[in-house]
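Let me begin by presenting the structure, written as structure tokens, before commenting on it.
In this text the structure is predicted, and so the values were computed from the model without any measurement. Chain A is the first sequence line, chain B the second, and so forth, proteins listed ahead of strands; every chain is numbered from 1.
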Number of protein chains: 2
Amino acid sequence: MHGPAIEDYVKAIYKVSQTAERVTPSAVAEGLDISLAAVTKMVRRLVEKRLVVYERGEGIELTPSGTQVALEMIRHHRLLELYLHQALGYPWDRVDEEAEKLEHVISEEFEDRIDSLLGHPTHDPHGAPIPTKDGKIDDTRHPALADIEPGSTVLVRCVRDRDPEMLRYLGRLGLYPDTLVEVVDREPFGGPMRLRVAGNPCDVGEELARNVFVSLGEESEC
Amino acid sequence: MHGPAIEDYVKAIYKVSQTAERVTPSAVAEGLDISLAAVTKMVRRLVEKRLVVYERGEGIELTPSGTQVALEMIRHHRLLELYLHQALGYPWDRVDEEAEKLEHVISEEFEDRIDSLLGHPTHDPHGAPIPTKDGKIDDTRHPALADIEPGSTVLVRCVRDRDPEMLRYLGRLGLYPDTLVEVVDREPFGGPMRLRVAGNPCDVGEELARNVFVSLGEESEC
DNA sequence: AGATATACTTAACCGTGGTTAAGTCAATAG
DNA sequence: CTATTGACTTAACCACGGTTAAGTATATCT
């Protein structure tokens, strides 16, 4: 159908669109760690393939078929991450890299088989939602731990998965998805937050707390 | 290190070298189903990369480092085939296609994990030997079933894996590796062989019998 | 020896996906 | 209003991996 790069672009565009309200070529270039010129050229091809629409100053927008491609890749990626973790015993800080390469080559059959072996899971090891086969995804946005008022008890929903170092550290703290965290207090001016995770106290810095997403109620994970 | 095509070429060269005594560019082109011109060009690159040596009329020969690359790919391929079959329930006629794509992207870690999950297997689902990590491979050549004298009882060692249709048919006959087969008799002039497979009689044509490899003694599979 | 068929090489071309360097465009500062 | 800055585009280039078409070499047949 299309080259592997196309899939990476569409995925990158989707991810930027989740964070920023306008998807600029420069944001995509940054996300893919390539030159802006490469993005300009590729965006023209994406437009020709009707995967995106683009107007200078308006940003890049995925068409429905572009969104479908993006969600397929994200589904592959997250199913693979979970599979590597559950079935092959990968630690959660190494699943992203492997899934990044595998997601472009697995067949529909592979996808279906690991999906059913995993019991049709809804979230990957970092708590990110897995799109369904028909392109639906839970797009609930959770607040960062950094924005939580002291005194609250919150449920870790997901953590950013791009920095293996940080993931290993989070693992040592026990800050996994579906963990309850009590925000004890916080030093001012970007000072550390004092938490209680499963009974154990720990202090986390601003950067870390920006990369952990939580929900206020301690409702069961759905 | 090198592009995915390089790996396919080196693997194809290795496979041809197992069958023919001289690896001609045309044999490689046929194996990869590409033009002869493409092979000419790529062989020059392989020579530059010291993966092969080549002289017109002498054929293509893998260097030690070329052989290593080929065996790495074959190891990936066969481990993956077995894994897909054992762990994901793929039927044996669909593992080749999936493994073909996966073999180029899996990491050392993936290879090691499935290897130990499978208990360090020695053969893939079609009976082909899996090279060890340090590049050793059981290169025993088994005679084709077609060359066996009537009256013998033989052990199926391996079957060619490239034709899914044939694999499904072999499966219906029960002609799996490690199966005992009694060669009852044979019609002359390329006529069918009459076999007894696990008690059941069946007749197989020349083409099929050329794609099943057996050993005479009923020694245990090693 | 000469014609022909087979095997291989070379040349020109294409799409993909990247680079750097230079140019344009629009918003903002003075 | 102009100068500058940041965002984007264009152009020229490159490596990769393929194609077709044309040319060369070698072996074989007569």
Side-chain angles (χ1 to χ4, degrees), chain A residues 1-17 19-62 66 69-70 73 100-101 103-105, chain B residues 1-17 19-62 66 69-70 73 100-101 103-105:
Chain A
M1 187 89 183
H2 20 241
I6 300 267
E7 295 172 345
D8 282 331
Y9 272 90
V10 166
K11 208 177 79 171
I13 290 164
Y14 181 88
K15 292 212 162 176
V16 172
S17 79
T19 318
E21 68 278 22
R22 296 248 281 2
V23 180
T24 62
S26 21
V28 175
E30 173 147 356
L32 293 171
D33 195 32
I34 57 176
S35 72
L36 184 51
V39 175
T40 295
K41 207 165 55 159
M42 184 60 93
V43 165
R44 196 168 26 242
R45 287 180 46 206
L46 293 176
V47 168
E48 278 161 20
K49 287 180 183 291
R50 316 274 155 185
L51 294 170
V52 305
V53 289
Y54 175 56
E55 262 174 288
R56 185 159 188 164
E58 283 295 311
I60 305 161
E61 263 180 77
L62 290 171
V69 171
M73 281 310 105
E100 198 62 42
K101 297 174 301 176
E103 63 184 12
H104 302 296
V105 303
Chain B
M1 186 89 182
H2 21 241
I6 301 268
E7 295 171 345
D8 282 330
Y9 272 90
V10 167
K11 208 178 78 172
I13 290 164
Y14 182 87
K15 292 212 163 177
V16 171
S17 78
T19 318
E21 67 277 19
R22 294 248 284 1
V23 180
T24 61
S26 20
V28 175
E30 174 147 354
L32 292 172
D33 195 31
I34 57 177
S35 71
L36 184 51
V39 175
T40 295
K41 208 166 53 159
M42 184 61 93
V43 166
R44 195 165 29 239
R45 288 180 46 206
L46 294 176
V47 169
E48 278 160 19
K49 287 179 182 290
R50 315 277 156 183
L51 295 170
V52 304
V53 290
Y54 175 56
E55 262 174 288
R56 186 160 187 164
E58 283 296 310
I60 305 161
E61 263 181 77
L62 290 171
V69 171
M73 283 309 106
E100 199 62 42
K101 298 175 303 177
E103 64 184 13
H104 302 294
V105 303

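- Remark: A:K101 engages A:E98 in a salt bridge (charged side-chain N to carboxylate O under 4.0 Å, His left out) (not counting sequence neighbours).
- Among residues two or more places apart in sequence or in another chain, the salt bridge (charged side-chain N to carboxylate O under 4.0 Å, His left out) test is passed with A:K41 by none.
- For A:E61, the salt bridge (charged side-chain N to carboxylate O under 4.0 Å, His left out) test picks out no residue, with sequence neighbours left out.
- Near-neighbour residues of DNA chain D inside residues 20-31 of chain A, defined by a heavy atom below 4.0 Å, number-ordered: A:T24, A:P25, A:S26.
- A:I60 has its side chain within reach of A:V43: a pair of non-hydrogen atoms, C-beta onward, lies under 4.5 Å apart.
- Residue-level contact check: A:I34 touches the backbone only, with heavy atoms under 4.0 Å from sugar-phosphate atoms and none from bases.
- Residues A:E30 and A:L36 are not in side-chain contact: their nearest non-hydrogen atoms beyond the backbone lie 4.5 Å or more apart.
- Salt bridge A:R22/A:E58: absent, no basic N to carboxylate O contact under 4.0 Å.
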Practice item. Decide side-chain contact (heavy atoms from CB on, under 4.5 Å) for B:M42 and B:V28; before the verdict, give the C-alpha distance in whole Å, the side-chain angles of both, and the deciding distance to 0.1 Å. Key: CA-CA 11 Å; B:M42 184 61 93; B:V28 175; over 6 Å; no
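- A straight line from CZ of A:R44 to P of D:dC8 spans 15 Å, rounded to a whole angstrom.
- The residue from A:L32, A:L46, A:D8 that alone fulfils the side chain to side chain contact (heavy atoms under 4.5 Å, CB included) condition with A:I13 is A:L46.
- When each of A:V52, A:V69, A:V39 is checked for a side chain to side chain contact (heavy atoms under 4.5 Å, CB included) with A:Y9, only A:V39 meets the rule.
- Rounded to the nearest 0.5 angstrom, B:M73 CE and B:E7 CD are separated by 4.0 Å.
- Once you apply a 4.0 Å limit to the heavy atoms of chain B, the touched nucleotides of DNA chain C run 5' to 3' over C:dA7 to C:dT10.
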Check your understanding: Going 5' to 3' along nucleotides 12-17 of chain D, which nucleotides have protein heavy atoms under 4.0 Å from the base (write B), which only from the sugar-phosphate (write S), and which from neither (write -)?
Key -> ----SB
